[in-house]
Undergrad: 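Dumping the structure here so I can ask a few things about it.
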Protein chains: 2
Amino acid sequence: MTPPPSSLPDYVATQLRTAILGGQIAAGTPLRQEDIAQQLGVSRPPVREALRLLEGEGLAVLRPRRGYVVASLDAADVVEIFGIRERLEEHAAELAAMHRTAEDIADLARLLEEMEAIEDRDLAGFAAANHAFHARIFQVAGRPRLLRMMLSLRETVERYVRVGGALSGDMTVVRAEHRAIFAAFEAGDPARLGSVSRAHVASTGRRLLAALAQHD
Amino acid sequence: MTPPPSSLPDYVATQLRTAILGGQIAAGTPLRQEDIAQQLGVSRPPVREALRLLEGEGLAVLRPRRGYVVASLDAADVVEIFGIRERLEEHAAELAAMHRTAEDIADLARLLEEMEAIEDRDLAGFAAANHAFHARIFQVAGRPRLLRMMLSLRETVERYVRVGGALSGDMTVVRAEHRAIFAAFEAGDPARLGSVSRAHVASTGRRLLAALAQHD
DNA sequence: AAACAGAAGATTGAATACAATTCTGAGTTG
DNA sequence: CAACTCAGAATTGTATTCAATCTTCTGTTT
């Protein structure tokens, strides 16, 4: 699926990204260049470039002469990111509803079925299916920059979704929202698909915030 | 206003950014690391990091083993970017209308006056005043990530606004839109400020597209 | 005993050096 | 005469080396 990283910086960035997103490296942890280089069997320059990439993605922050640390998110950041995602998701949904083909509908129906088949307890599997479902809609929208921005924003909050366990609990609500999204997609109603998609993001954000508040 | 770049990569990135945005380096131009390094009196590693930064900002694209080139935009890119900006500007405007203080209103009034005082022919001066006006509204919204994203998107299309001369011509329309924005800001009406701000972005996009179409 | 000053170690930042790939050109061949 | 091949040059990618700054530990002083 994902092509093998062509350069060492890309490789290093990929490794660090999955480690951070997977929760192996906690927020606030210093990212020591020499350690990373030695651990991955490369030298420091490619590590430095990889860190610049992560900086651009918002996953690491640089304090001059003091190195990088894994970026941390507070509640305000979550609110901000989900606010943005609401608007962009609505935008993409409206475009997707206008451009969708019969094949797109069939594909999305299949992805929805697959997601329905997954048990509530299989969080990782559900997250993957969920990701595929939404990514397919974005693909229909046909806006590469928009897609990249959404993926980046999603990535940034994803690790908190995991630790906060925001996906657990009332799965019935999530499933109902997905069915509503598919129905509007099938109907080709831009306004409706836009609003249900936006509502879906908003409700996801609310669940995450609630989970985070409870977690502290 | 802008603090001096703390590191060499930041310095190099700033230099390249202004050169690209100012039109000194055309789209598609290869960015040779050695040339840039020699011209700015630094070595290649910091140049490489700077290019990674520009890559993240969408101003340069990397073709593995073949170096970086200045990113180019076609009409579809412009449509996409302005579509995103419409939504994000509306979002920010709604937030700004809710959070504004008396001091914010006074500041924005002053910025509007300054912009009104600039002659139509002084494109650079008008662009700067325009930028300050909109940046002040975003500041009121109080969303740093949203601000960064908007600045990046604005930057990306700015050079085309310049070459296309999209700001020239019917300045009366632009000025009227700015007055409408200020009025809604002063009134503190989120829905109205959102819609007029979004319409302003949309009309700017239409003008740019028309100018680009005419230019070819 | 607590706080500060100083020195040693560690870590980042930048420059130089080396390796590998790609582009360019001339020469040759079909 | 066009197209292909091969060699040299140029450029990117990576590693190693050096310099500057920050952190931390220790010793001293108040």
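The sequence lines fix the lettering, A, B, ..., with proteins before strands; numbering per chain opens at 1. Since the structure is predicted, the reported quantities are computational estimates derived from the model, not experimental observations.
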Undergrad: Strictly distance-based, threshold 3.5 Å: is any side-chain N or O of E155(B) a donor or acceptor partner for the main-chain N or O of L21(B)?
TA: no
Undergrad: State whether the side chain of R100(A) and the backbone N or O of F185(A) hold a donor-acceptor pair below 3.5 Å, judged by distance alone.
TA: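 Flag set: sc R100(A) to bb F185(A) pair under 3.5 Å.
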Undergrad: Can you name the closest pair of heavy atoms from L51(B) and Y68(B) and give their distance?
TA: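 Minimum heavy-atom separation between L51(B) and Y68(B): CD1-CD1, 3.5 Å.
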Undergrad: Checking Y160(A) side chain against L73(A) main chain: does a donor-acceptor pair fall under 3.5 Å?
TA: yes
Undergrad: Going by number, which of residues 47-69 of chain A have a non-hydrogen atom under 4.0 Å from DNA chain D?
TA: R65(A), R66(A)
Undergrad: Indicate the atoms forming the closest heavy-atom contact of S197(A) with A93(A), along with that distance.
TA: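 Smallest interatomic distance, heavy atoms only, reads OG-CB, 3.4 Å.
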Undergrad: May I ask you to decide if A127(B)'s main-chain N or O and N130(B)'s side chain share a donor-acceptor pair within less than 3.5 Å?
TA: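 Here the side-chain-to-backbone pair does not exist.
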Undergrad: Can you sort out which residues in residues 25-39 of chain A have a heavy atom within less than 4.0 Å of DNA chain D? Ascending by number, please.
TA: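 Under 4.0 Å from DNA chain D: no residue of residues 25-39 of chain A.
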Undergrad: For nucleotides 6-8 of chain D, give me every protein contact, N/O to N/O, under 3.5 Å, one pair per line with atom names.
TA:
none

Undergrad: Do any N or O atoms of the protein come closer than 3.5 Å to N or O atoms of nucleotides 16-18 of chain C, and which pairs are they?
TA:
none

Undergrad: Which pair of heavy atoms, one from E90(A) and one from G194(A), lies closest together, and at what distance?
TA: CG-O, 3.6 Å
Undergrad: Between Q15(B) (side chain) and L40(B) (backbone), is there a donor-acceptor pair under 3.5 Å?
TA: no
Undergrad: Just by distance, do the side chain of S152(B) and the backbone of R148(B) share a donor-acceptor pair under 3.5 Å?
TA: no
Undergrad: Can you tabulate the close N/O pairs, meaning under 3.5 Å, that link protein atoms to atoms of nucleotides 6-8 of chain C?
TA:
none

Undergrad: Of the non-hydrogen atoms in L95(A) and A141(A), which two are nearest, and what is the gap between them?
TA: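 Closest approach of L95(A) to A141(A), heavy atoms only: CB-CB, 4.0 Å.
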Undergrad: Kindly compute the distance separating CG (L62(B)) from CG (L31(B)), expressed to the nearest 0.5 Å.
TA: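 Taking CG in L62(B) and CG in L31(B), the distance rounds to 10.5 Å.
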Undergrad: Indicate yes or no: does R198(A) engage E89(A) in a salt bridge with an N to O separation below 4.0 Å.
TA: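 No.
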Undergrad: Looking at side-chain heavy atoms only, is the closest gap between L16(A) and L59(A) below 4.5 Å?
TA: no
Undergrad: Going by the angle between their ring planes, with limits at 30° and 60°, are H200(A) and H134(A) parallel, tilted or perpendicular?
TA: parallel
Undergrad: What's the angle between the local helix axes at either end of the helix from dA1(C)-dT30(D) to dG30(C)-dC1(D), using five pairs per end and rounding to 10 degrees?
TA: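 Taking the rotation axis at each end, their angle is 20°.
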Undergrad: With the threshold set at 4.0 Å, does a side-chain nitrogen-carboxylate oxygen contact exist between E49(A) and R52(A)?
TA: no
Undergrad: Taking D104(A)'s backbone N and O only, do any of them form a donor-acceptor pair with D107(A)'s side chain (distance below 3.5 Å, no angle check)?
TA: no
Undergrad: Looking at every non-hydrogen atom in both residues, tell me the closest pair between L8(A) and P46(A) and how far apart they are.
TA: CB-CB, 3.9 Å
Undergrad: How many whole angstroms separate atom CG of L40(A) from atom P of dT14(D)?
TA: 13 Å
